[in-house]
Amino acid sequence: MPIVFDNVSYVYGENTPFEHKALDGLDLTISENEITGLIGQTGSGKSTIAQLCNGLYKPTSGTVTVDGVDINADKKKRRDNFFRVGLVFQYPEYQLFEDTVEHDIAYGPKNMGLDDAEIARRVADAARFVGLEEESLSKSPFDISGGQRRRAAIAGIIAMEPKYLILDEPASGLDPQGRDDILTKLKNYQREKGIAVVIISHSMEDMAKYCDKIIVLGKDGVYKYGTKAEIFADPVALRGIGLSVPQITKVMYKAEQLGVKFERPLYTVAAAIKDVLKMLDGEARDDT
Amino acid sequence: MIRDITLGQYFPGNSPIHRIDPRMKLLMAIIMIVATFVASSGTSFALLFIATLILFLLSRISVKTLMKGMKPIVFILIFTTFFQIFFTRTGDLLFEWRFIKIYTNGIIFAIKMFIRVIVLITSTSVLLSYTTSPIALTDGLEQMLKPLAKIGVPVHDFALIMSIALRFIPTLLEETEKIMSAQKARGTDFSTGSLMKRARALLAVFVPLLASAIRHAIDLADAMICRGYRGGSGRTKLNVMKLKFTDFLWLFAAAAVLAGTILCNPFTLDVIKGAFIK
Ligand SMILES: Nc1ncnc2c1ncn2[C@@H]1O[C@H](COP(=O)(O)OP(=O)(O)OP(=O)(O)O)[C@@H](O)[C@H]1O
Ligand SMILES: [Mg+2]
(Lines give C-alpha, C1' and ligand atoms only; values in the text may rest on other atoms or scores of the structure.)
(Ligands and ions follow the chains in the order given, each with its own letter.)
Protein backbone atom coordinates (compact mmCIF):
# COMPACT_ATOMS: atom_id res chain seq x y z
CA MET A 1 0.00 0.00 0.00
CA PRO A 2 1.23 3.47 -0.75
CA ILE A 3 2.03 6.62 1.21
CA VAL A 4 -1.00 8.90 1.10
CA PHE A 5 -1.23 12.56 2.10
CA ASP A 6 -4.78 13.63 2.80
CA ASN A 7 -5.37 17.38 3.01
CA VAL A 8 -2.06 17.93 4.77
CA SER A 9 -1.06 21.38 5.97
CA TYR A 10 2.19 22.20 7.69
CA VAL A 11 3.02 25.45 9.46
CA TYR A 12 6.55 26.24 10.66
CA GLY A 13 6.92 28.16 13.91
CA GLU A 14 3.24 28.22 14.70
CA ASN A 15 2.23 31.14 16.97
CA THR A 16 5.53 32.97 16.62
CA PRO A 17 6.32 36.04 14.53
CA PHE A 18 8.18 33.64 12.22
CA GLU A 19 5.07 31.61 11.43
CA HIS A 20 5.20 30.28 7.91
CA LYS A 21 2.75 28.06 6.11
CA ALA A 22 4.83 25.65 4.06
CA LEU A 23 2.06 23.31 2.88
CA ASP A 24 -1.63 23.99 2.56
CA GLY A 25 -4.18 21.23 2.05
CA LEU A 26 -1.86 18.92 0.14
CA ASP A 27 -3.11 15.65 -1.34
CA LEU A 28 -0.64 13.25 -2.80
CA THR A 29 0.10 9.58 -3.27
CA ILE A 30 3.42 7.79 -3.51
CA SER A 31 2.96 4.42 -5.18
CA GLU A 32 4.79 1.23 -4.40
CA ASN A 33 7.35 -0.47 -6.55
CA GLU A 34 8.37 2.51 -8.62
CA ILE A 35 10.58 5.55 -8.49
CA THR A 36 8.67 8.74 -7.90
CA GLY A 37 10.35 12.02 -8.65
CA LEU A 38 9.38 15.01 -6.53
CA ILE A 39 10.17 18.29 -8.19
CA GLY A 40 9.30 21.89 -7.45
CA GLN A 41 10.84 25.28 -7.06
CA THR A 42 12.98 26.20 -4.07
CA GLY A 43 10.70 26.66 -1.09
CA SER A 44 7.81 24.69 -2.56
CA GLY A 45 7.96 22.32 0.41
CA LYS A 46 9.76 19.25 -0.90
CA SER A 47 11.91 18.72 2.17
CA THR A 48 8.91 19.35 4.38
CA ILE A 49 7.01 16.62 2.56
CA ALA A 50 9.93 14.25 3.02
CA GLN A 51 9.91 14.76 6.76
CA LEU A 52 6.15 14.37 6.93
CA CYS A 53 6.42 11.00 5.19
CA ASN A 54 8.33 9.34 8.02
CA GLY A 55 6.69 11.21 10.87
CA LEU A 56 9.56 13.51 11.84
CA TYR A 57 7.08 16.30 11.31
CA LYS A 58 3.49 16.03 12.39
CA PRO A 59 1.01 17.66 10.04
CA THR A 60 -0.61 20.81 11.43
CA SER A 61 -3.79 19.39 9.96
CA GLY A 62 -4.64 16.42 7.75
CA THR A 63 -3.26 12.90 7.84
CA VAL A 64 -0.33 10.98 6.44
CA THR A 65 -1.03 7.28 5.94
CA VAL A 66 1.61 4.66 5.24
CA ASP A 67 0.41 1.15 4.41
CA GLY A 68 -3.08 2.25 5.36
CA VAL A 69 -2.16 3.37 8.89
CA ASP A 70 -2.09 6.98 10.08
CA ILE A 71 1.55 7.24 11.13
CA ASN A 72 0.88 9.92 13.71
CA ALA A 73 -1.92 8.03 15.44
CA ASP A 74 0.27 5.98 17.76
CA LYS A 75 3.13 7.86 19.39
CA LYS A 76 4.80 4.66 20.53
CA LYS A 77 5.19 3.45 16.95
CA ARG A 78 7.13 6.56 15.92
CA ARG A 79 10.43 4.76 15.64
CA ASP A 80 8.90 2.00 13.54
CA ASN A 81 7.94 4.63 11.01
CA PHE A 82 11.54 5.77 10.74
CA PHE A 83 12.58 2.22 9.94
CA ARG A 84 9.75 1.67 7.48
CA VAL A 85 10.19 4.97 5.67
CA GLY A 86 13.93 5.57 5.29
CA LEU A 87 14.80 9.22 4.81
CA VAL A 88 18.09 10.41 3.39
CA PHE A 89 18.43 14.10 4.20
CA GLN A 90 19.96 16.71 1.97
CA TYR A 91 23.76 16.63 2.36
CA PRO A 92 23.53 13.48 4.50
CA GLU A 93 27.32 13.18 4.65
CA TYR A 94 27.34 15.76 7.44
CA GLN A 95 25.65 13.33 9.84
CA LEU A 96 28.35 10.70 9.78
CA PHE A 97 29.88 10.39 13.21
CA GLU A 98 31.11 6.90 14.02
CA ASP A 99 34.79 6.00 14.04
CA THR A 100 34.59 3.98 10.84
CA VAL A 101 32.35 4.03 7.81
CA GLU A 102 31.33 0.47 8.57
CA HIS A 103 30.14 1.36 12.06
CA ASP A 104 28.29 4.33 10.70
CA ILE A 105 26.38 2.25 8.21
CA ALA A 106 25.64 -0.21 11.00
CA TYR A 107 24.23 2.54 13.24
CA GLY A 108 20.66 2.38 11.90
CA PRO A 109 20.37 -1.42 11.89
CA LYS A 110 21.83 -1.49 15.39
CA ASN A 111 19.14 0.91 16.58
CA MET A 112 16.61 -1.50 15.12
CA GLY A 113 17.89 -4.10 17.54
CA LEU A 114 19.07 -6.59 14.92
CA ASP A 115 21.62 -9.28 15.73
CA ASP A 116 25.26 -8.96 14.72
CA ALA A 117 25.13 -11.42 11.83
CA GLU A 118 22.16 -9.66 10.29
CA ILE A 119 23.79 -6.26 10.78
CA ALA A 120 26.98 -7.47 9.08
CA ARG A 121 24.98 -8.83 6.15
CA ARG A 122 23.07 -5.58 5.75
CA VAL A 123 26.18 -3.42 5.97
CA ALA A 124 27.90 -5.48 3.31
CA ASP A 125 24.79 -5.41 1.16
CA ALA A 126 24.28 -1.67 1.47
CA ALA A 127 27.94 -0.92 0.81
CA ARG A 128 27.77 -3.06 -2.33
CA PHE A 129 24.62 -1.29 -3.54
CA VAL A 130 26.09 2.19 -3.26
CA GLY A 131 29.47 1.07 -4.57
CA LEU A 132 31.68 1.56 -1.53
CA GLU A 133 34.87 -0.46 -1.73
CA GLU A 134 35.97 -2.82 1.03
CA GLU A 135 38.95 -0.68 2.01
CA SER A 136 36.95 2.51 2.65
CA LEU A 137 34.71 0.66 5.09
CA SER A 138 37.41 0.57 7.73
CA LYS A 139 38.34 4.23 7.25
CA SER A 140 37.07 7.16 9.30
CA PRO A 141 34.15 8.90 7.60
CA PHE A 142 36.20 12.10 7.85
CA ASP A 143 39.01 10.59 5.79
CA ILE A 144 37.15 9.70 2.61
CA SER A 145 36.11 11.90 -0.29
CA GLY A 146 32.86 13.87 -0.36
CA GLY A 147 31.30 11.57 -2.94
CA GLN A 148 32.20 8.50 -0.91
CA ARG A 149 30.78 10.11 2.20
CA ARG A 150 27.51 10.71 0.40
CA ARG A 151 27.45 7.03 -0.53
CA ALA A 152 28.24 5.99 3.02
CA ALA A 153 25.39 8.12 4.32
CA ILE A 154 22.93 6.68 1.81
CA ALA A 155 24.15 3.18 2.65
CA GLY A 156 23.37 3.96 6.31
CA ILE A 157 19.71 4.32 5.41
CA ILE A 158 19.60 1.50 2.87
CA ALA A 159 21.03 -0.83 5.52
CA MET A 160 17.82 -0.36 7.49
CA GLU A 161 16.07 -1.95 4.49
CA PRO A 162 13.11 0.41 4.54
CA LYS A 163 10.00 -0.33 2.55
CA TYR A 164 9.99 3.22 1.33
CA LEU A 165 13.16 5.14 0.60
CA ILE A 166 13.04 8.90 0.31
CA LEU A 167 16.10 10.81 -0.81
CA ASP A 168 16.26 14.60 -0.56
CA GLU A 169 18.46 15.76 -3.44
CA PRO A 170 20.76 12.73 -3.28
CA ALA A 171 22.89 13.96 -6.15
CA SER A 172 23.21 17.65 -5.34
CA GLY A 173 26.73 18.98 -5.20
CA LEU A 174 28.23 15.98 -7.00
CA ASP A 175 30.05 16.06 -10.35
CA PRO A 176 28.03 14.91 -13.40
CA GLN A 177 29.58 11.47 -13.36
CA GLY A 178 29.02 11.10 -9.64
CA ARG A 179 25.40 12.15 -10.10
CA ASP A 180 24.73 9.60 -12.78
CA ASP A 181 26.56 6.94 -10.88
CA ILE A 182 24.67 7.36 -7.65
CA LEU A 183 21.27 7.71 -9.32
CA THR A 184 21.90 4.65 -11.48
CA LYS A 185 22.82 2.68 -8.38
CA LEU A 186 19.62 3.82 -6.70
CA LYS A 187 17.60 2.80 -9.70
CA ASN A 188 19.24 -0.63 -9.75
CA TYR A 189 18.58 -0.95 -6.06
CA GLN A 190 14.93 -0.12 -6.53
CA ARG A 191 14.58 -2.58 -9.40
CA GLU A 192 16.21 -5.34 -7.42
CA LYS A 193 14.26 -4.80 -4.19
CA GLY A 194 10.97 -3.68 -5.67
CA ILE A 195 10.50 -1.01 -3.01
CA ALA A 196 9.10 2.49 -3.38
CA VAL A 197 11.75 5.15 -3.91
CA VAL A 198 11.18 8.90 -3.90
CA ILE A 199 13.87 11.12 -5.36
CA ILE A 200 13.68 14.85 -4.70
CA SER A 201 15.61 16.83 -7.25
CA HIS A 202 15.87 20.12 -9.06
CA SER A 203 17.07 18.52 -12.24
CA MET A 204 14.52 17.71 -14.93
CA GLU A 205 17.19 15.64 -16.64
CA ASP A 206 17.56 13.40 -13.62
CA MET A 207 13.79 13.13 -13.27
CA ALA A 208 13.42 12.08 -16.89
CA LYS A 209 16.24 9.60 -16.71
CA TYR A 210 15.53 7.82 -13.45
CA CYS A 211 11.92 8.25 -12.42
CA ASP A 212 8.82 6.28 -13.36
CA LYS A 213 6.37 8.88 -12.11
CA ILE A 214 6.82 12.54 -11.38
CA ILE A 215 5.09 14.80 -8.88
CA VAL A 216 5.38 18.48 -9.76
CA LEU A 217 4.79 20.85 -6.87
CA GLY A 218 3.38 24.24 -7.70
CA LYS A 219 2.70 27.32 -5.61
CA ASP A 220 -0.21 25.68 -3.87
CA GLY A 221 0.00 21.92 -3.71
CA VAL A 222 0.54 19.31 -6.36
CA TYR A 223 0.54 20.89 -9.76
CA LYS A 224 0.70 17.68 -11.70
CA TYR A 225 1.27 13.96 -11.09
CA GLY A 226 1.95 11.50 -13.85
CA THR A 227 4.38 9.85 -16.21
CA LYS A 228 7.13 11.74 -18.00
CA ALA A 229 5.00 12.07 -21.10
CA GLU A 230 2.16 13.61 -19.15
CA ILE A 231 4.40 15.97 -17.22
CA PHE A 232 6.54 17.18 -20.08
CA ALA A 233 3.71 17.51 -22.58
CA ASP A 234 3.21 21.18 -21.77
CA PRO A 235 6.54 23.00 -21.45
CA VAL A 236 4.90 26.44 -21.45
CA ALA A 237 2.79 25.66 -18.38
CA LEU A 238 5.84 24.21 -16.61
CA ARG A 239 7.74 27.40 -17.30
CA GLY A 240 4.82 29.25 -15.72
CA ILE A 241 5.61 27.68 -12.33
CA GLY A 242 9.32 28.27 -12.69
CA LEU A 243 10.29 24.83 -13.97
CA SER A 244 11.18 23.54 -17.38
CA VAL A 245 11.40 20.37 -19.42
CA PRO A 246 14.73 18.53 -19.98
CA GLN A 247 17.12 20.29 -22.35
CA ILE A 248 16.88 17.51 -24.90
CA THR A 249 13.10 17.76 -24.93
CA LYS A 250 13.45 21.47 -25.69
CA VAL A 251 15.76 20.63 -28.58
CA MET A 252 13.24 18.10 -29.82
CA TYR A 253 10.37 20.60 -29.72
CA LYS A 254 12.49 23.13 -31.59
CA ALA A 255 13.43 20.54 -34.21
CA GLU A 256 9.79 19.59 -34.64
CA GLN A 257 8.93 23.21 -35.22
CA LEU A 258 11.55 23.17 -37.97
CA GLY A 259 9.91 20.17 -39.54
CA VAL A 260 11.95 17.26 -38.20
CA LYS A 261 9.57 14.56 -37.02
CA PHE A 262 10.54 12.19 -34.23
CA GLU A 263 8.81 8.90 -33.65
CA ARG A 264 8.38 9.42 -29.92
CA PRO A 265 8.82 12.23 -27.42
CA LEU A 266 12.40 12.44 -26.15
CA TYR A 267 13.36 13.00 -22.53
CA THR A 268 16.85 11.61 -22.27
CA VAL A 269 20.00 12.19 -24.26
CA ALA A 270 20.54 8.45 -24.65
CA ALA A 271 17.14 7.99 -26.29
CA ALA A 272 17.74 11.03 -28.49
CA ILE A 273 21.07 9.70 -29.71
CA LYS A 274 19.44 6.41 -30.57
CA ASP A 275 16.58 8.05 -32.49
CA VAL A 276 18.76 10.54 -34.32
CA LEU A 277 21.17 7.80 -35.35
CA LYS A 278 18.26 5.71 -36.58
CA MET A 279 16.97 8.66 -38.53
CA LEU A 280 20.38 9.35 -40.08
CA ASP A 281 20.67 5.66 -40.90
CA GLY A 282 17.33 5.80 -42.64
CA GLU A 283 18.33 8.88 -44.61
CA ALA A 284 21.61 7.30 -45.64
CA ARG A 285 19.70 4.35 -46.99
CA ASP A 286 17.31 6.69 -48.85
CA ASP A 287 20.27 8.31 -50.60
CA THR A 288 21.63 5.11 -51.97
CA MET B 1 11.74 22.05 19.02
CA ILE B 2 15.05 23.60 19.90
CA ARG B 3 14.18 26.86 18.23
CA ASP B 4 11.30 27.31 20.65
CA ILE B 5 13.78 28.46 23.25
CA THR B 6 13.05 32.15 23.19
CA LEU B 7 15.21 33.39 26.03
CA GLY B 8 17.77 35.48 24.23
CA GLN B 9 15.85 35.67 21.01
CA TYR B 10 15.13 38.79 19.07
CA PHE B 11 11.58 39.51 17.94
CA PRO B 12 11.58 41.96 15.07
CA GLY B 13 9.13 44.80 15.50
CA ASN B 14 8.71 48.54 15.52
CA SER B 15 7.49 49.34 19.02
CA PRO B 16 8.74 52.40 20.95
CA ILE B 17 11.06 50.05 22.83
CA HIS B 18 12.42 48.59 19.59
CA ARG B 19 13.31 52.08 18.45
CA ILE B 20 15.45 53.07 21.45
CA ASP B 21 19.16 53.34 20.68
CA PRO B 22 20.93 50.12 21.73
CA ARG B 23 23.46 52.06 23.81
CA MET B 24 20.67 53.65 25.78
CA LYS B 25 19.01 50.29 26.18
CA LEU B 26 22.23 48.87 27.60
CA LEU B 27 22.43 51.72 30.08
CA MET B 28 18.75 51.37 30.93
CA ALA B 29 19.21 47.64 31.51
CA ILE B 30 22.13 48.31 33.84
CA ILE B 31 20.08 50.90 35.70
CA MET B 32 17.19 48.47 36.06
CA ILE B 33 19.52 45.76 37.37
CA VAL B 34 20.99 48.17 39.95
CA ALA B 35 17.49 49.28 40.90
CA THR B 36 16.30 45.70 41.50
CA PHE B 37 19.22 45.12 43.82
CA VAL B 38 18.90 48.29 45.87
CA ALA B 39 15.12 48.00 46.22
CA SER B 40 14.02 46.86 49.64
CA SER B 41 10.76 48.54 50.69
CA GLY B 42 7.35 47.47 49.45
CA THR B 43 6.84 50.80 47.69
CA SER B 44 10.11 50.51 45.80
CA PHE B 45 9.18 47.03 44.61
CA ALA B 46 5.79 48.27 43.51
CA LEU B 47 7.47 51.09 41.59
CA LEU B 48 9.86 48.68 39.87
CA PHE B 49 7.08 46.32 39.05
CA ILE B 50 5.01 49.06 37.43
CA ALA B 51 7.99 50.38 35.47
CA THR B 52 8.70 46.89 34.15
CA LEU B 53 5.06 46.38 33.29
CA ILE B 54 5.06 49.61 31.26
CA LEU B 55 8.24 48.54 29.43
CA PHE B 56 6.72 45.19 28.67
CA LEU B 57 3.39 46.60 27.45
CA LEU B 58 5.09 49.17 25.22
CA SER B 59 7.30 46.51 23.65
CA ARG B 60 4.24 44.67 22.28
CA ILE B 61 5.83 41.33 23.14
CA SER B 62 3.11 38.78 23.82
CA VAL B 63 2.61 37.38 27.31
CA LYS B 64 2.98 33.92 25.82
CA THR B 65 6.42 34.71 24.48
CA LEU B 66 7.53 36.09 27.81
CA MET B 67 6.17 33.07 29.67
CA LYS B 68 7.98 30.75 27.30
CA GLY B 69 11.19 32.66 27.94
CA MET B 70 10.65 32.31 31.68
CA LYS B 71 10.28 28.56 31.53
CA PRO B 72 13.96 27.78 32.17
CA ILE B 73 14.00 29.80 35.40
CA VAL B 74 10.67 28.66 36.79
CA PHE B 75 12.37 25.90 38.74
CA ILE B 76 14.92 28.23 40.32
CA LEU B 77 12.14 30.68 41.11
CA ILE B 78 10.01 28.06 42.86
CA PHE B 79 13.02 26.68 44.67
CA THR B 80 14.17 30.02 46.08
CA THR B 81 10.64 31.04 47.00
CA PHE B 82 10.23 27.77 48.84
CA PHE B 83 13.48 28.33 50.72
CA GLN B 84 12.51 31.83 51.72
CA ILE B 85 9.16 30.71 53.01
CA PHE B 86 10.26 27.69 55.01
CA PHE B 87 13.65 28.69 56.27
CA THR B 88 13.21 32.28 57.33
CA ARG B 89 12.90 32.31 61.12
CA THR B 90 12.20 35.97 61.86
CA GLY B 91 9.00 37.97 62.29
CA ASP B 92 5.78 36.63 63.75
CA LEU B 93 4.95 32.97 63.65
CA LEU B 94 2.07 32.46 61.26
CA PHE B 95 1.73 28.74 60.97
CA GLU B 96 3.17 25.70 62.62
CA TRP B 97 2.86 22.03 61.85
CA ARG B 98 5.41 19.59 63.24
CA PHE B 99 8.78 20.93 62.11
CA ILE B 100 7.34 23.35 59.56
CA LYS B 101 7.22 26.90 60.81
CA ILE B 102 6.22 29.80 58.64
CA TYR B 103 6.94 33.33 59.73
CA THR B 104 5.64 36.63 58.36
CA ASN B 105 9.09 37.66 57.22
CA GLY B 106 9.38 34.45 55.26
CA ILE B 107 6.33 35.37 53.25
CA ILE B 108 7.50 38.94 52.76
CA PHE B 109 10.99 37.89 51.69
CA ALA B 110 9.55 35.35 49.30
CA ILE B 111 7.30 37.89 47.64
CA LYS B 112 10.17 40.35 47.33
CA MET B 113 12.48 37.72 45.93
CA PHE B 114 9.82 36.71 43.46
CA ILE B 115 9.25 40.25 42.23
CA ARG B 116 12.99 40.88 42.11
CA VAL B 117 13.63 37.92 39.83
CA ILE B 118 10.62 38.61 37.63
CA VAL B 119 11.54 42.28 37.24
CA LEU B 120 15.17 41.46 36.60
CA ILE B 121 14.47 38.92 33.90
CA THR B 122 11.59 40.77 32.27
CA SER B 123 13.21 44.17 32.09
CA THR B 124 16.54 42.95 30.78
CA SER B 125 15.05 40.53 28.29
CA VAL B 126 12.46 43.01 27.03
CA LEU B 127 15.11 45.71 26.67
CA LEU B 128 17.94 43.64 25.34
CA SER B 129 17.02 40.30 23.87
CA TYR B 130 13.46 40.64 22.63
CA THR B 131 13.63 44.11 21.14
CA THR B 132 17.28 44.56 20.18
CA SER B 133 18.90 42.56 17.41
CA PRO B 134 22.12 40.93 18.60
CA ILE B 135 24.09 42.80 15.98
CA ALA B 136 22.73 46.17 17.17
CA LEU B 137 23.57 45.15 20.70
CA THR B 138 27.20 44.33 19.97
CA ASP B 139 27.50 47.48 17.90
CA GLY B 140 26.18 49.46 20.83
CA LEU B 141 28.55 47.72 23.20
CA GLU B 142 31.48 48.38 20.93
CA GLN B 143 30.61 52.07 20.74
CA MET B 144 30.28 52.33 24.48
CA LEU B 145 33.56 50.57 25.18
CA LYS B 146 35.48 52.45 22.51
CA PRO B 147 37.30 54.67 25.00
CA LEU B 148 38.95 51.52 26.39
CA ALA B 149 40.64 50.98 23.02
CA LYS B 150 42.88 53.92 23.88
CA ILE B 151 44.45 51.97 26.73
CA GLY B 152 45.04 48.97 24.51
CA VAL B 153 41.93 46.88 25.10
CA PRO B 154 41.08 45.12 21.81
CA VAL B 155 37.48 46.34 21.90
CA HIS B 156 36.86 45.79 18.22
CA ASP B 157 38.11 42.22 18.32
CA PHE B 158 35.90 41.41 21.28
CA ALA B 159 32.93 42.96 19.55
CA LEU B 160 33.69 40.96 16.42
CA ILE B 161 34.02 37.71 18.36
CA MET B 162 30.75 38.43 20.06
CA SER B 163 28.85 39.33 16.92
CA ILE B 164 30.18 36.26 15.12
CA ALA B 165 29.19 34.08 18.05
CA LEU B 166 25.73 35.65 18.10
CA ARG B 167 25.44 35.39 14.36
CA PHE B 168 26.13 31.67 14.49
CA ILE B 169 23.81 30.76 17.34
CA PRO B 170 20.75 30.43 15.06
CA THR B 171 22.83 28.68 12.41
CA LEU B 172 24.15 26.14 14.86
CA LEU B 173 20.72 25.67 16.42
CA GLU B 174 19.30 25.02 12.99
CA GLU B 175 22.10 22.61 12.26
CA THR B 176 21.60 20.85 15.59
CA GLU B 177 17.97 20.41 14.75
CA LYS B 178 18.77 19.07 11.31
CA ILE B 179 21.37 16.62 12.61
CA MET B 180 19.02 15.49 15.38
CA SER B 181 16.28 14.89 12.81
CA ALA B 182 18.66 12.99 10.61
CA GLN B 183 19.83 10.79 13.48
CA LYS B 184 16.26 10.27 14.62
CA ALA B 185 15.49 9.05 11.13
CA ARG B 186 18.19 6.44 11.74
CA GLY B 187 16.45 5.36 14.91
CA THR B 188 18.37 7.36 17.52
CA ASP B 189 16.30 7.63 20.68
CA PHE B 190 17.11 10.82 22.57
CA SER B 191 14.47 10.63 25.24
CA THR B 192 14.41 7.14 26.71
CA GLY B 193 16.91 4.58 27.89
CA SER B 194 19.72 4.63 30.42
CA LEU B 195 21.96 7.63 30.98
CA MET B 196 24.78 5.86 29.12
CA LYS B 197 22.51 5.20 26.18
CA ARG B 198 21.36 8.78 26.01
CA ALA B 199 24.90 10.09 26.25
CA ARG B 200 25.73 7.89 23.31
CA ALA B 201 22.74 9.25 21.42
CA LEU B 202 24.00 12.77 22.01
CA LEU B 203 27.39 11.81 20.67
CA ALA B 204 25.69 11.23 17.32
CA VAL B 205 24.76 14.90 17.39
CA PHE B 206 27.87 16.44 18.91
CA VAL B 207 30.42 14.93 16.57
CA PRO B 208 28.76 16.17 13.36
CA LEU B 209 27.94 19.48 15.05
CA LEU B 210 31.52 20.06 16.08
CA ALA B 211 32.71 19.15 12.61
CA SER B 212 30.27 21.59 11.12
CA ALA B 213 31.22 24.38 13.55
CA ILE B 214 34.85 23.97 12.58
CA ARG B 215 33.91 23.96 8.92
CA HIS B 216 31.93 27.19 9.38
CA ALA B 217 34.82 28.81 11.23
CA ILE B 218 37.30 27.97 8.48
CA ASP B 219 34.92 29.10 5.75
CA LEU B 220 34.18 32.35 7.51
CA ALA B 221 37.84 33.11 8.15
CA ASP B 222 38.63 32.44 4.48
CA ALA B 223 35.76 34.62 3.32
CA MET B 224 36.84 37.46 5.59
CA ILE B 225 40.42 37.30 4.42
CA CYS B 226 39.31 37.22 0.79
CA ARG B 227 37.30 40.37 1.35
CA GLY B 228 40.28 42.15 2.81
CA TYR B 229 39.46 42.05 6.50
CA ARG B 230 42.44 43.32 8.45
CA GLY B 231 41.20 44.20 11.89
CA GLY B 232 39.33 47.12 13.35
CA SER B 233 41.47 50.21 12.84
CA GLY B 234 40.09 52.69 10.35
CA ARG B 235 36.92 50.72 9.60
CA THR B 236 33.77 52.75 9.19
CA LYS B 237 30.21 51.64 9.79
CA LEU B 238 27.42 51.31 7.28
CA ASN B 239 24.84 52.26 9.87
CA VAL B 240 26.13 55.00 12.12
CA MET B 241 24.22 55.10 15.39
CA LYS B 242 22.79 58.45 16.31
CA LEU B 243 21.18 59.38 19.59
CA LYS B 244 17.76 60.97 19.36
CA PHE B 245 16.07 63.22 21.88
CA THR B 246 13.65 60.45 22.85
CA ASP B 247 16.61 58.20 23.69
CA PHE B 248 17.65 60.66 26.37
CA LEU B 249 14.10 60.80 27.65
CA TRP B 250 14.14 57.04 28.06
CA LEU B 251 17.44 57.17 29.91
CA PHE B 252 16.02 59.89 32.12
CA ALA B 253 12.95 57.78 32.81
CA ALA B 254 15.11 54.82 33.83
CA ALA B 255 17.22 57.07 36.05
CA ALA B 256 14.02 58.41 37.61
CA VAL B 257 12.92 54.84 38.41
CA LEU B 258 16.26 54.18 40.09
CA ALA B 259 16.05 57.44 42.03
CA GLY B 260 12.49 56.60 43.06
CA THR B 261 13.56 53.15 44.21
CA ILE B 262 16.34 54.56 46.34
CA LEU B 263 14.09 57.26 47.78
CA CYS B 264 11.43 54.76 48.76
CA ASN B 265 13.82 52.55 50.68
CA PRO B 266 13.37 52.74 54.47
CA PHE B 267 17.05 53.41 54.95
CA THR B 268 16.98 56.51 52.73
CA LEU B 269 13.73 57.61 54.25
CA ASP B 270 15.35 57.42 57.68
CA VAL B 271 18.35 59.41 56.49
CA ILE B 272 16.11 62.07 54.99
CA LYS B 273 13.93 62.17 58.08
CA GLY B 274 17.04 62.41 60.24
CA ALA B 275 18.35 65.30 58.19
CA PHE B 276 15.12 67.25 58.57
CA ILE B 277 14.60 66.55 62.23
CA LYS B 278 18.06 67.76 63.04
N1 LIG C 1 12.77 25.15 9.90
C2 LIG C 1 12.02 26.03 9.24
N3 LIG C 1 11.46 27.09 9.87
C4 LIG C 1 10.68 27.97 9.21
N5 LIG C 1 10.38 27.89 7.93
C6 LIG C 1 10.91 26.87 7.24
C7 LIG C 1 11.74 25.89 7.85
N8 LIG C 1 12.11 24.98 6.92
C9 LIG C 1 11.54 25.39 5.78
N10 LIG C 1 10.81 26.51 5.96
C11 LIG C 1 10.01 27.21 4.94
O12 LIG C 1 9.05 26.32 4.43
C13 LIG C 1 8.99 26.38 3.02
C14 LIG C 1 9.23 25.01 2.44
O15 LIG C 1 10.55 24.62 2.75
P16 LIG C 1 11.23 23.31 2.21
O17 LIG C 1 12.57 23.22 2.82
O18 LIG C 1 10.30 22.17 2.41
O19 LIG C 1 11.35 23.65 0.66
P20 LIG C 1 12.11 22.83 -0.48
O21 LIG C 1 11.11 22.62 -1.56
O22 LIG C 1 12.76 21.63 0.10
O23 LIG C 1 13.19 23.88 -0.96
P24 LIG C 1 14.66 23.60 -1.54
O25 LIG C 1 14.48 23.22 -2.95
O26 LIG C 1 15.32 24.94 -1.41
O27 LIG C 1 15.29 22.55 -0.71
C28 LIG C 1 10.00 27.42 2.59
O29 LIG C 1 9.33 28.61 2.26
C30 LIG C 1 10.89 27.62 3.78
O31 LIG C 1 11.28 28.96 3.88
MG1 LIG D 1 14.81 21.06 0.38
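To find a chain, count down the sequence lines: A is the first, B the second, and so on, and within it residues start at 1.
- Contact of A/D104 with chain B is made through backbone and side chain together, with heavy-atom distances under 4.5 Å.
- Note that the CG atom of A/L87 and the NZ atom of B/K184 stand 12.5 Å from one another [nearest 0.5 Å].
- The number of heavy-atom neighbours closer than 6.0 Å to CZ of B/F79, taken from other residues, nucleotides and ligands shown, is 12 or below.
- Taking a 6.0 Å sphere around CD of A/E133, one finds it holds more than 12 heavy atoms contributed by other residues, nucleotides or ligands.
- With a 4.5 Å cut-off on non-hydrogen atoms, B/T188 touches chain A through its backbone and its side chain both.
- Within 6.0 Å of CZ on B/F168 lie more than 12 heavy atoms contributed by other residues, nucleotides or ligands.
- Contact residues of residues 205-216 of chain B toward chain A are B/V207, B/P208, B/A211, B/R215 (heavy-atom distance under 4.5 Å).
- Evaluation of the salt bridge (charged side-chain N to carboxylate O under 4.0 Å, His left out) rule for B/K197 yields no partner, not counting sequence neighbours.
- Counting non-hydrogen atoms of other residues, nucleotides and ligands closer than 6.0 Å to CE of B/M144 gives a total above 12.
- Of the atoms belonging to A/Y94, heavy atoms from both backbone and side chain fall under 4.5 Å from chain B.
- Within the 4.5 angstrom heavy-atom criterion, no atom of A/M112 approaches chain B.
- Between chain A and the options B/S62, B/S181, B/P12, heavy-atom pairs under 4.5 Å are most frequent for B/S181.
- Atom NZ of B/K244 is surrounded by more than 12 heavy atoms from other residues, nucleotides or ligands within 6.0 Å.
- Between B/R186 and A/E98 there is no salt bridge, since no side-chain nitrogen of the basic residue lies less than 4.0 Å from a carboxylate oxygen of the acidic one.
- Between the OH atom of A/Y91 and the NZ atom of B/K178 there is a distance of 9.5 Å, given to the nearest 0.5 Å.
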